[in-house]
**Q** 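One structure follows; several queries about it will come next.
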Amino acid sequence: MAAVAGVAAIDVGGFAYAGGWLRPDTLIPAQFADRFEQIAGHHDGFRRNHAKGLAATGTFASNGAAADICHAAVFAKGTLPVDARFSLSGGAPDQADKPATVRGLAVQYQLPNGEQWRSPMINTPVFVDSTPQGFYERILAAKTQPQTGKPDPAAMSAFLARHPETVAAQRIIAQQPPTSGFADSTFWGLNAFRMTNSAGVTAPVRWMLVPQQQPGQPVGDAAKSDPNYLFDALIKAMERGPQAWTLKIVVGAPEDPTNDATKPWPADRRTIDAGTLTIEAVHTEAPGNARDINFDPLVLPRGIAPSDDPLLAARSAVYARSFARRAAEPKQPSAVNVEAAAR
Ligand code: HEM
């Protein structure tokens with residue numbers, strides 16, 4: 001699995017690079033990977049971003065409804081296996097869980113025809129950057145200063161003054177505070193894609209996973225003193241039974257922006273409930289499970305294609321660089337251990 005994932009990722013990353021999204025005279029994938037290390041330190045064997053995580057397995061049951069807009073085999077009626085990974089953003093694999101840290105859920109759908117669809121999502125309704133350069137600059141401006149334990153306010157103010165799109169996105173995100181845990185989080189794919197149906201009609205789309213679980217109880221400060229409280233709560237929830245999300249596909253209108261993940265689409269757009277993602281088990285990260293997948297957002301089945309969003313090719317190229325580095329390094333145990341949490 002690791003070898004297969006790596007080869008696919010590096011091919012796609014090379015194509016993206018050649019496509020000119022990350023021009024050699026401006027920003028290259030290695031600089032991006034270096035920047036994550038500059039902020040969070042170097043941690044052998046871990047992802048350069050979303051380093052702290054928990055592997056998972058389950059199924060996707062398609063109800064056939066999305067076949068109306070997309071001929072990808074994932075949307076034919078039926079059930080297929082998925083590998084998934086829950087994570088927290090940031091390059092430190094041992095960071096303490098915090099309510100406001102961005103949560104990730106990445107899913108790899110294994111289609112019956114041998115194709116794969118890899119879809120990494122986060123728990124915010126828009127992204128805070130519209131360009132790779134913005135992301136690259138923002139994460140440095142947000143770096144915790146050793147003297148204060150906080151970001152340098154002057155650096156962040158200067159960044160925000162140059163990036164009104166980030167200010168606008170942060171306002172939208174502030175209206176939807178994070179839920180109590182992973183199990184009751186919505187996860188958004190954020191970037192626009194293009195889906196084509198069997199009649200050859202193509203439409204812009206975005207998607208999200210909406211939890212079928214009821215909202216959890218607010219977590220008290222005592223529980224939050226557990227540095228793994230978010231992951232431990234998910235492991236405990238899994239002991240009670242599978243956790244499920246509805247995959248919703250939002251169909252854009254021609255005037256909706258496809259090249260800017262900071263901008264929401266109008267709320268009245270057609271939304272298709274495509275089926276149910278069920279997480280049936282969680283696993284400590286280990287060889288051969290989701291630890292060794294590169295959740296490259298450009299690994300897509302026929303029927304789904306990238307949009308003109310410049311983040312997509314940049315993500316693909318940088319994830320490949322992160323994967324190549326971590327695959328060549330000695331592996332360290334994950335801070336999230338299913339057996340220890342279940343005790
Ligand atoms: C230019 C923008 C971005 C850059 C440079 C970036 C960079 C990265 C890197 C380096 C990784 C680790 C890859 C690996 O080693 O496997 C990663 C993981 C991840 N990213 Fe991004 N990212 C970007 C935008 C986004 C966006 C827009 C989303 C949400 C839709 C997102 C969601 C995730 C998730 C969920 C993971 C963890 C996937 C896993 O569990 O393997 N990222 N990102």
Side-chain angles (χ1 to χ4, degrees), residues 2 5-6 8-10 12-13 16 21-22 27-37 39-40 43-56 82-93 101-108 118-140 166 169 173 182 185-193 206-209 231 259-262 285 289-299 306-307 309-329 334 336:
I10 287 162
V12 175
W21 291 108
L22 293 167
L27 183 56
I28 62 169
Q31 283 174 292
F32 240 124
D34 290 345
R35 167 110 339 150
F36 285 114
E37 292 179 17
I39 291 162
H43 304 280
D44 265 351
F46 287 102
R47 286 162 169 78
R48 269 41 185 178
N49 194 13
H50 289 260
K52 186 175 188 183
L54 177 65
V82 302
D83 281 287
R85 183 171 176 270
F86 294 90
S87 62
L88 289 181
S89 71
T101 308
V102 171
R103 299 169 202 162
L105 172 55
V107 182
Q108 175 175 271
R118 301 187 193 160
S119 173
M121 292 157 285
I122 56 175
N123 69 328
T124 63
V126 289
F127 198 56
V128 283
D129 309 297
S130 60
T131 63
Q133 187 73 34
F135 184 108
Y136 183 73
E137 291 175 18
R138 178 181 54 79
I139 56 177
L140 184 61
T166 302
I173 292 168
F182 280 105
S185 288
T186 295
F187 293 94
W188 284 265
L190 298 181
N191 300 120
F193 288 80
R206 287 174 168 170
W207 55 74
M208 66 273 228
L209 286 169
F231 289 101
N259 63 352
D260 188 346
T262 67
E285 293 194 293
N289 67 22
R291 186 195 75 174
D292 292 335
I293 297 175
N294 171 0
F295 285 96
D296 177 341
L298 290 187
V299 175
S307 68
D309 186 334
L311 291 186
L312 281 171
R315 291 177 69 187
S316 182
V318 178
Y319 290 27
R321 186 55 54 130
S322 171
F323 183 89
R325 287 190 185 181
R326 64 187 171 92
E329 294 165 348
S334 170
V336 185

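Whatever order the structure lists ligands and atoms in, that order sets their numbers, starting from 1. We're numbering straight along the sequence, starting at 1. These numbers come from the heavy atoms of this one structure, side chains and all, not from hydrogens, waters or symmetry mates. Please read these numbers as outputs of a predicted model, since none were measured by experiment.
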**Q** Tell me which protein heavy atom sits closest to atom 12 (C) of ligand 1, plus the residue, atom name and distance to 0.1 Å.
**A**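 Atom 12 (C) of ligand 1 sits closest to the protein heavy atom N49 O, 3.4 Å.
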**Q** Less than 4.0 Å between a side-chain N and a carboxylate O, is that true for R48 and E329?
**A**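 Yes, charged N to carboxylate O under 4.0 Å.
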**Q** Can the ring centres of Y136 and F32 be said to be less than 6.0 Å apart?
**A**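 Between F32 and Y136, which both carry aromatic rings, the centre distance is below 6.0 Å.
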**Q** Record the part of L311 in heavy-atom contact with ligand 1 below 4.0 Å; permitted values are side chain, backbone, both and neither.
**A**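 Contact part for L311 vs ligand 1: side chain (C-beta onward).
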**Q** Just by distance, do the side chain of R118 and the backbone of N294 share a donor-acceptor pair under 3.5 Å?
**A**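 Judged by distance alone, yes, a pair lies under 3.5 Å.
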**Q** Under a 4.0 angstrom heavy-atom cut-off, which atoms of ligand 1 come close to V318?
**A**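 With V318 as reference, the close atoms of ligand 1 come out as 10 (C).
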**Q** How far is atom 15 (O) of ligand 1 from its nearest protein heavy atom, and which residue and atom is that?
**A**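 Atom 15 (O) of ligand 1 sits closest to the protein heavy atom S322 OG, 2.5 Å.
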**Q** Checking contacts here: is it the side chain or the backbone of F32 that comes within 4.0 Å of ligand 1, counting heavy atoms only? Could be both or neither.
**A**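 The side chain, only.
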**Q** Can F187 be said to touch ligand 1, with heavy atoms closer than 4.0 Å?
**A**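 F187 does not count as a contact of ligand 1 under the 4.0 Å cut-off.
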**Q** Give me the nearest non-hydrogen protein atom to atom 4 (C) of ligand 1 as residue plus atom name, then the distance to 0.1 Å.
**A**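 Scanning the protein heavy atoms, the shortest distance from atom 4 (C) of ligand 1 goes to F135 CZ, 3.9 Å.
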**Q** Between W188 and ligand 1, does any nitrogen or oxygen pair lie at a separation below 3.5 Å?
**A**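 N/O-N/O distance below 3.5 Å does not exist for this pair.
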**Q** What atoms of ligand 1 come closer than 4.0 angstrom to any heavy atom of F36?
**A**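 Numbered from 1, ligand 1 contributes 7 (C), 10 (C).
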**Q** What is the closest protein heavy atom to atom 40 (O) of ligand 1, and at what distance does it sit?
**A**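 Checked against all protein heavy atoms, atom 40 (O) of ligand 1 sits closest to R85 NH1, 2.7 Å.
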**Q** Taking D129's backbone N and O only, do any of them form a donor-acceptor pair with T166's side chain (distance below 3.5 Å, no angle check)?
**A**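 Not confirmed, T166 side chain does not pair with D129 backbone.
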**Q** Is the side chain of S185 donor-acceptor paired with the backbone N or O of F187 at a distance under 3.5 Å, no angle test?
**A**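 Checking the backbone N and O of F187 against the side chain of S185, no donor-acceptor pair under 3.5 Å is found.
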**Q** Kindly say whether H50 contributes a backbone atom to a donor-acceptor pair with the side chain of S87 at under 3.5 angstrom?
**A**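 A pair under 3.5 Å: no.
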**Q** What do we get for M121 next to ligand 1 when only non-hydrogen atoms under 4.0 Å count, side chain, backbone, both or neither?
**A**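 Within the 4.0 Å criterion, M121 contacts ligand 1 through backbone atoms alone.
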**Q** Is R138 close enough and on-axis enough to F135, meaning under 6.0 Å and within 45°, for cation-pi?
**A**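 Satisfied, under 6.0 Å and within 45°.
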**Q** State plainly whether the residues R321 and D34 are in salt-bridge range, i.e. N to O under 4.0 Å.
**A**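 Result for this pair is no, no salt bridge flagged.
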**Q** Distance to 0.1 Å, residue and atom name: give those for the protein heavy atom nearest to atom 28 (C) of ligand 1.
**A**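 The closest heavy atom on the protein side is R315 NH2, 3.2 Å.
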**Q** Can a non-hydrogen atom of G189 be found less than 4.0 Å from any atom of ligand 1?
**A**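 Under 4.0 Å: yes for G189.
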**Q** Evaluating non-hydrogen atoms only, which member of R326, R47, H50 is closest to atom 41 (O) of ligand 1?
**A**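 Minimum heavy-atom distance to atom 41 (O) of ligand 1 goes to R47.
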**Q** Kindly assign one of parallel, tilted or perpendicular to the pair F193 and W207, based on the angle between their ring planes and the thresholds 30° and 60°.
**A**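 Plane angle under 30°, so parallel.
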**Q** Distance check, rounded to the nearest 0.5 Å: E37 atom CD versus F46 atom CZ?
**A**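 Output value for this atom pair is 13.5 Å.
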**Q** For atom 38 (C) of ligand 1, what's the nearest protein heavy-atom neighbour? Residue, atom name and distance, please.
**A**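 Ranked first by proximity to atom 38 (C) of ligand 1 is A106 CB, 3.8 Å.
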**Q** Between atom 21 (Fe) of ligand 1 and Y319, is there an N, O or S atom separated by less than 2.8 Å?
**A**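 Yes, since at least one N, O or S atom of Y319 sits under 2.8 Å from atom 21 (Fe) of ligand 1.
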